[in-house]
Asker: 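Please see the structure below; I have some questions.
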Amino acid sequence: MSEAEGYPGVGRVLVVIPTYNEADNIRKITGRVRSATPDVDILIADDNSPDGTGTIADELSTADDHIFVLHRAGKEGLGAAYKAGFAWAKNKGYDAVVEMDADGSHAPEELPKLLDALRDTDAVLGTRYIPGGSVHNWPMHRLLLSRGGNIYIRMALGMPFRDATGGYRAYRMPVLDAINVDTVASTGYSFQVELAWRTYKNGFRMAEVPITFTEREHGVSKMSGNIFKEQLLRVTVWGLTARREALLSRFGRRPRQGSTWP
Ligand SMILES: Nc1nc2c(ncn2[C@@H]2O[C@H](COP(=O)(O)OP(=O)(O)O[C@H]3O[C@H](CO)[C@@H](O)[C@H](O)[C@@H]3O)[C@@H](O)[C@H]2O)c(=O)[nH]1
């Protein structure tokens, strides 16, 4: 087993790809990542996919020293898979991690752009909704949900970012340590919002770079009504908690220990 030398100016980078039923996509995406960025490693975090993604991942790992597999017992959501992947990265001494979907929605060819930006900052958010960014082949209802959700998040949390829900990102490892990523409660897509929120609240440097998001050709999205409800509820509570804390500090009072949720 050998590991990549590292990305210039960033260090050893691990691209974490969570998978659930991505048998038709996993070969292609890992090949594209390896071609675009030969200096980075890949970890496939598979939740025991019934379609055999885990077996294909093992084959890829056997054939390439820069691909690793984390087999998990069962489907626990994208957030849980990322947390396990980040813990694996920390254990192996990586300097930075990248989040990437398995289905080709996030173009590996744009990875150098994210990593170049990470040289001068602590976290990079790939953003669909700034000039240069775009979304391809999404149905109108999904686009409206995403745009509307991001407007709500900006208003509720006061974060300046245009795309707090996106899943193509890079974090330096000390950020994940400082924000206690292992205690992140979100399991679905609000995981992305919670990570951005914690990073922002902790005062880390964050940059947005434009990305092109292309809807998957194979397999299905795991988006569900429950995932959407989780996001809405959590963002509302975080926003109210932040306002309460701001109010208390204005009157010279500190919030009760443990009063911040989650
Ligand atoms: N291990 C594991 N992986 C999962 C699970 N659920 C989803 N994944 C993996 O997570 C990635 C994204 O899942 P999709 O279901 O394809 O996501 P999406 O609906 O296209 O959502 C994307 O856009 C959202 C914002 O609009 C993002 O919030 C989200 O992170 C993702 O990038 C894929 O690689 C998928 O296999 C799970 O329970 N377990």
Side-chain angles (χ1 to χ4, degrees), residues 15-30 32-33 42-54 56-57 69-88 97-108 110 114 125-129 133-153 161-171 184 186-197 211-228 230-232 234-235:
V15 177
V16 181
I17 305 181
T19 53
Y20 193 75
N21 287 346
E22 302 289 1
D24 290 337
N25 294 314
I26 194 64
R27 277 198 183 86
K28 195 166 174 190
I29 195 74
T30 48
R32 284 173 66 189
V33 173
I42 300 170
L43 177 70
I44 300 163
D46 185 64
D47 278 9
N48 201 9
S49 298
D51 73 348
T53 305
I56 300 172
V69 188
L70 181 61
H71 292 284
R72 293 164 39 75
K75 183 165 171 30
E76 282 190 305
L78 165 150
Y82 270 130
K83 279 200 292 189
F86 296 163
W88 192 95
V97 290
V98 172
E99 298 181 350
M100 184 188 285
D101 289 357
D103 56 9
S105 297
H106 303 141
E110 293 191 310
L114 267 75
L125 312 182
T127 304
R128 296 161 286 186
Y129 307 129
S134 55
V135 176
H136 294 280
N137 301 338
W138 249 8
M140 185 53 82
H141 75 272
R142 187 81 204 260
L143 191 59
L144 286 176
L145 213 58
S146 176
R147 296 298 308 244
N150 271 294
I151 290 171
Y152 180 68
I153 289 164
F161 312 114
R162 295 276 140 182
D163 194 353
T165 59
Y168 197 9
R169 298 176 169 188
Y171 291 96
V184 166
S186 308
T187 51
Y189 301 167
S190 57
F191 177 78
Q192 308 294 9
V193 187
E194 186 164 355
L195 247 61
W197 178 227
I211 57 154
T212 300
F213 180 99
T214 309
E215 177 58 331
R216 60 166 70 235
E217 283 177 12
H218 303 287
V220 288
S221 162
K222 283 87 199 170
M223 171 75 172
S224 68
N226 280 345
I227 283 175
F228 180 74
E230 182 196 16
Q231 187 154 302
L232 192 66
R234 286 191 187 277
V235 168

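These figures come from a predicted structure and were not determined experimentally. Quick note: residue numbers are just sequence positions, from 1. Just so you know, ligand 1 is whichever comes first in the structure, and atom 1 is the first atom listed for that ligand.
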Asker: Between Glu22 (side chain) and Thr53 (backbone), is there a donor-acceptor pair under 3.5 Å?
Answerer: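 Such a contact is absent between Glu22 side chain and Thr53 backbone.
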Asker: NZ of Lys75 to CG of Asn21: how many Å apart, nearest 0.5 Å?
Answerer: 8.5 Å
Asker: The test is side-chain contact (heavy atoms from CB on, under 4.5 Å); show your working for Ile29 and Met100 and say whether it passes.
Answerer: CA-CA 10 Å; Ile29 195 74; Met100 184 188 285; 4.2 Å; yes
Asker: Considering the heavy atoms of Glu22, write down every atom of ligand 1 situated less than 4.0 Å from one of them.
Answerer: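 By the 4.0 Å cutoff, the relevant atoms are 33 (C), 34 (O), 35 (C), 36 (O).
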Asker: For ligand 1, is there an N or O atom under 3.5 Å from any N or O atom of Asp103?
Answerer: yes
Asker: Quick one: does any side-chain atom of Asp163 pair with a main-chain N or O of Arg128 as donor and acceptor, under 3.5 Å?
Answerer: yes
Asker: Taking 4.0 angstrom as the limit and counting only heavy atoms of Ala45, give me the atoms of ligand 1 inside it, by number and element.
Answerer: 1 (N)
Asker: Examine distances only and state if a side-chain atom of Thr127 and a backbone atom of Arg162 form a donor-acceptor pair shorter than 3.5 Å.
Answerer: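 Side chain of Thr127 to backbone of Arg162, a donor-acceptor pair under 3.5 Å: no, none is there.
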Asker: Should you measure from each heavy atom of Thr19, which atoms of ligand 1 turn up under 4.0 Å away?
Answerer: 1 (N), 2 (C), 3 (N), 36 (O)
Asker: What do you reckon, does Met100 put a non-hydrogen atom under 4.0 Å from ligand 1?
Answerer: no
Asker: At a 4.0 Å cut-off, with the gap strictly under it, does some heavy atom of Arg72 reach an atom of ligand 1?
Answerer: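 Outside the 4.0 Å threshold, so no.
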Asker: What atoms of ligand 1 come closer than 4.0 angstrom to any heavy atom of His106?
Answerer: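 Close to His106: 32 (O).
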Asker: Only heavy atoms of Arg128, strictly under 4.0 Å: list the atoms of ligand 1 that pass.
Answerer: 25 (C), 26 (O)
Asker: Can you find a non-hydrogen atom of Ser105 under 4.0 Å from ligand 1?
Answerer: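 Distance cut 4.0 Å: Ser105 fails for ligand 1.
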Asker: Donor-acceptor pair, Thr214 side chain versus Ser105 backbone, under 3.5 Å?
Answerer: no
Asker: Ignoring hydrogens and angles, tell me if any N or O in the side chain of Asp103 forms a donor-acceptor pair with the backbone of Arg216 under 3.5 Å.
Answerer: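 Such a contact is absent between Asp103 side chain and Arg216 backbone.
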Asker: Within the side chain of Arg169, is there an N or O that forms a donor-acceptor pair under 3.5 Å with the backbone of Gln192?
Answerer: yes
Asker: Evaluate Arg216 for polar contact with ligand 1, using N/O atom pairs at a separation under 3.5 Å.
Answerer: yes
Asker: Is there at least one pair of N or O atoms, one from Pro18 and one from ligand 1, spaced under 3.5 Å apart?
Answerer: yes
Asker: Within the 4.0 Å heavy-atom shell around Ala81, which atoms of ligand 1 are there?
Answerer: 1 (N), 2 (C)
Asker: Counting N and O atoms only, with roles assigned by atom type, does the side chain of Tyr168 sit under 3.5 Å from a partner on the main chain of Ala107, one being a donor and the other an acceptor?
Answerer: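 Checked: pair present.
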Asker: Using non-hydrogen atoms of the residue, decide whether Trp138 is closer than 4.0 angstrom to ligand 1.
Answerer: yes
Asker: Is the ring pair Phe213/His106 parallel, tilted or perpendicular, if the boundaries are 30 and 60 degrees?
Answerer: perpendicular
Asker: Where does Ala102 meet ligand 1, judged by heavy-atom distances below 4.0 Å: at the side chain, the backbone, both, or neither?
Answerer: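 Answer for Ala102: both.
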Asker: Using heavy-atom distances, let me know which of Ala80, Gly166, Gly77 sits nearest atom 37 (C) of ligand 1.
Answerer: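 Looking at heavy atoms only, the winner is Gly77.
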Asker: Which is closest to atom 10 (O) of ligand 1 in terms of heavy atoms, Asp163, Val16, Asn48, Leu78?
Answerer: Leu78
Asker: In this structure, which one of Asp46, Thr19, Asp47 forms a side chain to side chain donor-acceptor pair (under 3.5 Å) with Arg72?
Answerer: Asp47
Asker: Within the side chain of Asn48, is there an N or O that forms a donor-acceptor pair under 3.5 Å with the backbone of Ala73?
Answerer: yes
Asker: Hey, what do you get for CG (Leu43) to CZ (Phe86), rounding to the nearest 0.5 Å?
Answerer: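 So the CG of Leu43 and the CZ of Phe86 are separated by 10.5 Å.
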Asker: Taking 4.0 Å as the limit for heavy-atom contacts, which would you say applies to Arg169 with ligand 1: side chain only, backbone only, both, or neither?
Answerer: neither
Asker: Out of all atoms in ligand 1, which are within 4.0 Å of some heavy atom of Gly167? Include the element for each.
Answerer: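 This gives 30 (O), 32 (O) as the contact atoms.
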Asker: Does any N or O atom in Asp46 lie less than 3.5 angstrom from one in ligand 1, N or O only?
Answerer: no
Asker: List every atom of ligand 1 that sits less than 4.0 Å from any heavy atom of Asp101, numbering the atoms from 1 in the order shown and giving each element.
Answerer: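 Heavy-atom distances to Asp101 below 4.0 Å select 11 (C), 12 (C), 22 (C), 31 (C), 32 (O), 34 (O).
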Asker: Decide whether an N or O pair under 3.5 Å exists between Asp47 and ligand 1.
Answerer: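 Among all N and O atoms of Asp47, at least one is under 3.5 Å from an N or O of ligand 1.
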